[in-house]
Each structure stands twice: as structure tokens, then as C-alpha cells.
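Worth saying up front: this structure is predicted, and the values here are computed from it rather than measured.
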Amino acid sequence: MLKQYLQFKLSQKLSPQQIQLMKLIQLPTQAFEQRLKQELEENPALESGKESSDEFDDKYDEFDNSADDYNDNESINAEDINVDEYLSDDDIPDYRTQANNYSSDDEEKNVPYAAGTSFTQHLTNQLNTFRLDDNEYEIAEFLVGSVDESGYIRRSLNDIVDDLAFTQGVYTDEASVEKVLHKVHQLDPAGVGARNLQECLSIQLHRKEKTPDVELAIDIIDKAFEQFTKKHYKKLLQKFDITEVQLKDAIDEIEHLNPKPGGSYAGNNRIVEHVVPDFAIKIIDGELELTLNGRNAPELHVSREYSNMMKGYKESKDKSKSQKDAVLFIKQKLDAAKWFIEAIKQRQQTLFVTMSAIMHYQKEYFLTGDERKLRPMILKDIADEIDMDVSTISRVANSKYVDTPYGTKLIKEFFSESMTNDQGEEVSTREIKKILETVIEEENKRKPLTDEKLASILKEKGYPIARRTVAKYREQLDIPVARLRKKI
């Protein structure tokens, strides 16, 4: 039996222009400059620099209002646009996915990198100082190529044996690979080629001059690594029959080792992220002053040459199909250029209004730099303040930086939830975290405070929070549990 149903569906579609505007708002300064450069390259009707386009606007509007059957036939139906395609992340280049908004126009200059040898090449060059036969050299070269940026070889010997056979045509066994690996362990920086942290530290200690402290440190790492990592100091004192002073000196030797030997090599050409603020806040005569990075306000205008093409088409009496094809192309480019200029103006206004609202909301913090003065603030607070959508505030907060008298900050760091103290006042969770951090910094490291004790101290200070909440805040601050904070 055939049944018919009538279904009503309410849906909201964003225009491609709205979607592009949201993407522009999300871009930090450097990414915005890249997007601007791309638009200038792709649209010949858009030009940078000063030029008045008032006269063109009048002519273009006049042309735009004239009915042309050919243009009507070529019009685009908005229903045919697939919004999902515009929302795809496939077109987001690398500079958008990294928290990097550095631009060479700023006062801070690019740090030049020398085209020196890579970390791998640095290690390979050292192999020539060893007496290795051809087979051993191939294995050593493969092992060096397997060293990651931290200086470790994180693959099992069995996997390396298989890879040598399949990719290099070198047939060997684990014993032979391990023998060559011990030679790789003699390369600089000390600890390179280790398979785990324990081996890395052990290699470095064995390379040091053998003093009583170093000898004890070697025993601790080689024979009691688990107790050391868990800071079971009493067990270590009993196991090695030593005094606290001896243990402290041995641990001091270990703490001066490098857990990531690869990171110490300056020639590995790792990219250093530079952050350039999108906004700047200064205190002038006791008042806050906000400025938007000037690179977010480029000078753009519509091409005079393209406007003249439009004028020529309008004045021509006989309009051929090729002319109509050409003018349709020109009209599309002019539309895109005018929209892009308008979108940049909207972006500037949105960024400034949003950051201004955040600045005034957190006025006490920006005047003092005291994180305890940060008010509880969520995205909706700012959205309601300036009558914008929460998603717009999120786009500004998540990807922009502001230069303050207290350093450059990611804007989203100013947002936090709230809780009520014992006075019935709403306080920011950032304030509680700051106090928690201070309490832990001032604790007796021989007897670190447990989460339960921390909760008790915070309660005495007027912040009644549970132990599990203390644990959550502590983890968010990257502070280990009490046992791992213990020092002898």
C-alpha cells in the first residue's frame, strides 16, 4: 500500500559570503595576510594600495541595475550551492592549523637559519670515525636514520631487522644489529640512539667521569629505575644502604642529564613558532587603550582597468557573445573584489568590538596583571554584551593573541568558569588555580601536600572545593601528584 507523508523541515543555510566571512574572522594576522595575498593573486579586479573608487562605484552600480537578458540566464541559484563544500577542512592550509601568526612586517624580525647539516647528517658524519665493515656501516646508517627528533630509536630490533631486509636488502639478525647499536650509542650528543629514557640516562652517565656520585647514579638508573621514577626514596636508601646526602647528590647528577639529546643539537633546523599579537593593550594615564594590529587593515581598491572594461561594454552598441562572455567574467571578479573589501572591513570591526568588550570586562586584570583579578567570563557573556553569536566570539578568542603590559596572551586564556566562595561571591576558576599553584610552590618539598590537604587549605582560604576538583585543576596546571613532587 502506497502512503504519502507531508513533512515540514526548518533549516538555515548560510550564504558562501557569510561562510567566507566567518573564515576570515577566524584567521590570525599572518594567516590573514596569506589569505589576502592569495586573493590578490587570484582576482585581477582587486588591487592593493590607495585609490579612490567612488566614481567607479557609481558606474558599476548603474551597470549592475541595467537588465541584461544574457546575465539573467547566467545567474546562479543559491539553492545549488553545497554549504558542506564550503565548510570542508580540506582547503585549510598548514598556516591555519598551527598557532602561528608571525609576520615579517612586525618589529620582531625573522631569525635566520643557517643551511647547516641536519641532525641525521650530523650523526652519519660521525660514523666515519669508527672502524665498520660495509655490512655494519649499512646497519649503522639505517639506525641513525631511525633516530627521531628527540634522539631516540623507538622501534624494536626485530622490526629493524625486517626493515633492513625488505628495504635495504641487508640480511642480518638482532644480535648483529644490537652490536652496531652500541657503537651508535657512542655518537654525540650523549644518549642518542637510546630505545627508552632509562637507556638514554644510563648511556650519558657511563660517559661521565666515574665519581662516587656518578657510580651511585648508574646503579640507581640501571638497577632501580622504577623506584627512582616513582620517588620511592626510602626503598632506594635501603636497597643501596646509603645516606640521604649520598642519594641527594646522585639524584642531582641524574637531574642534570638531558632526557631529549636530539633537542640539544642546534643544526636540526627545527621550526620555532613565533607569535605576533593581533591586538595590543596599553595603559595610558591610568586608562586602557586597545589597538588592532595594522596589518589587519590593508589598503585595497577595485581595479580601475576593470571598471573601464565595464564602461566600454556599456557604451558599445553591438554586443557580441564573446563580449558578453568577457563581461560576465569581469562582473564576477568585480563582485568578488567589492565583497572581499567589505568583508575585511567587517572583520576589522568584529575583531575590535570583540576584543574591546573582553578588555573592559577584564579591566581590573589588564590594569594590574594580577590573575586573581580575572572575572569569571564565558563566551556567552561577551556575545550578549556586543550582540553577536557565541561562535563568532569563539573564532576570535581561539586563534588571536593580545600584547599586554604583562606579556603576549592567547585571548581564550581570559575565559573561565565561575564558582561561589564562602562569602557567596562568584570567583573565577583561574583565580583558584593561581592560588593552588602558589600553595604548591610554597609547600615543603620533603613532605608535599596531598590533594586532600590542598582542598583543606583552599577551604580555609574561602574556596570550598572538593578533593577531586583540586586534582582536576592540578592536572590542568600540569602539576604532578604529591609523591612525584617530593624532593630529598
Side-chain angles (χ1 to χ4, degrees), residues 16-51 53 86-113 270-282 290-303 306 333-356 358-359 391-404 407-413:
Q17 286 82 3
Q18 288 173 309
I19 294 167
Q20 291 296 331
L21 176 59
M22 286 190 292
K23 286 188 173 184
L24 279 176
I25 289 172
Q26 186 162 343
L27 297 177
T29 301
Q30 186 204 19
F32 170 71
E33 288 179 325
Q34 295 280 359
R35 175 70 178 85
L36 176 63
K37 181 181 178 183
Q38 178 187 351
E39 191 71 19
L40 285 167
E41 289 174 351
E42 293 178 357
N43 190 350
L46 182 68
E47 294 179 353
S48 60
K50 291 182 179 179
E51 182 172 333
S53 57
Y86 288 90
L87 294 175
S88 169
D89 287 332
D90 293 341
D91 62 343
I92 299 178
D94 288 341
Y95 62 74
R96 258 282 288 109
T97 58
Q98 299 176 1
N100 178 359
N101 63 345
Y102 181 76
S103 175
S104 58
D105 288 345
D106 199 70
E107 293 175 0
E108 296 179 31
K109 302 300 179 184
N110 273 317
V111 178
Y113 289 98
R270 290 172 301 153
I271 297 174
V272 178
E273 296 291 344
H274 295 271
V275 170
V276 170
D278 306 271
F279 306 92
I281 293 177
K282 295 180 180 178
L290 173 68
T291 54
L292 176 65
N293 190 314
R295 280 169 287 165
N296 292 284
E299 294 176 339
L300 299 171
H301 64 270
V302 177
S303 168
Y306 267 58
K333 293 299 180 185
L334 289 171
D335 280 336
K338 291 184 73 177
W339 171 83
F340 192 75
I341 292 170
E342 182 60 32
I344 287 177
K345 291 178 182 177
Q346 288 186 46
R347 177 181 181 274
Q348 288 172 233
Q349 183 181 15
T350 301
L351 295 185
F352 192 85
V353 168
T354 303
M355 188 62 226
S356 182
I358 293 171
M359 181 183 73
S391 64
T392 303
I393 310 304
S394 176
R395 283 179 169 83
V396 175
N398 283 329
S399 57
K400 309 292 187 303
Y401 289 84
V402 57
D403 181 31
T404 75
T408 299
K409 311 284 186 181
L410 185 61
I411 294 171
K412 72 175 181 180
E413 293 178 0

(message) As an exercise, state the distance from CD1 of I393 to OG1 of T354, rounded to the nearest 0.5 Å.
(response) 4.0 Å
(message) For D403, give me all partners under side-chain contact (heavy atoms from CB on, under 4.5 Å), at least two apart in sequence or on another chain.
(response) P277, A280, T408
(request) Give the minimum heavy-atom separation between L24 and A343, together with the two atoms involved. (result) CD1-CB, 3.8 Å
(message) Restricting to side-chain contact (heavy atoms from CB on, under 4.5 Å), what partner residues turn up for P298, sequence neighbours left out?
(response) F32, L36, L300, I344
(message) Please evaluate residues I358 and M355 with respect to the criterion side chain to side chain contact (heavy atoms under 4.5 Å, CB included), reporting the C-alpha separation (whole Å), side-chain torsions for both, the decisive distance (0.1 Å), and the verdict.
(response) CA-CA 5 Å; I358 293 171; M355 188 62 226; 4.1 Å; yes
(message) Can you list everything that forms a side-chain contact (heavy atoms from CB on, under 4.5 Å) with S356? Sequence neighbours excluded, please.
(response) L290, H360
(request) Taking only Lys NZ, Arg NE, NH1 and NH2, and the carboxylate oxygens of Asp or Glu, determine whether E33 and K37 approach each other closer than 4.0 Å. (result) no
(request) Provide the closest heavy-atom pair for S399 versus P28 in the form atom of the first, atom of the second, distance. (result) O-CB, 3.3 Å
(request) Only counting residues at least two apart or in another chain, list the ones meeting side-chain contact (heavy atoms from CB on, under 4.5 Å) with Q346. (result) L21, E342
(message) Quick check for you: to the nearest 0.5 Å, what is the distance between I341 atom CD1 and K345 atom NZ?
(response) 7.0 Å
(message) A quick test of your reading: do over 12 heavy atoms of other residues, nucleotides or ligands sit less than 6.0 Å from CD of E413?
(response) yes
(message) Within the 4.5 Å heavy-atom criterion, are N43 and F340 side-chain neighbours or not?
(response) no
(request) Taking all non-hydrogen atoms of both residues into account, name the closest pair between A45 and A337 and its distance. (result) O-CB, 3.8 Å
(message) side chain to side chain contact (heavy atoms under 4.5 Å, CB included), that's the test. Do D278 and L351 meet it? Break it down for me.
(response) CA-CA 9 Å; D278 306 271; L351 295 185; 5.9 Å; no
(message) Going by side chain to side chain donor-acceptor pair (under 3.5 Å), name the residues that satisfy it together with S394, two or more places apart in sequence or in a different chain.
(response) N398
(request) Output all residues satisfying side chain to side chain donor-acceptor pair (under 3.5 Å) with N296, sequence neighbours left out; order by chain, then residue number. (result) T29, R347
(request) List the steps, then state whether side chain to side chain contact (heavy atoms under 4.5 Å, CB included) holds for L27 with K23. (result) CA-CA 7 Å; L27 297 177; K23 286 188 173 184; 5.7 Å; no
(request) Mind checking the CD1-CE spacing from I411 to M359? Nearest 0.5 Å is all I need. (result) 12.0 Å
(request) Report the distance from atom CG of L292 to atom CZ of F279, rounding to the nearest 0.5 Å. (result) 5.5 Å
(request) Using modelled atom types only, decide if a donor and an acceptor are shared between the side chain of K400 and the backbone of Q26 within a distance under 3.5 Å. (result) yes
(request) Answer yes or no: does atom NZ of K412 have more than 12 heavy-atom neighbours from other residues, nucleotides or ligands under 6.0 Å? (result) no
(message) For a quick test of reading the model, state the closest non-hydrogen atom pair linking S303 to E47 and the distance between them.
(response) OG-OE2, 3.3 Å
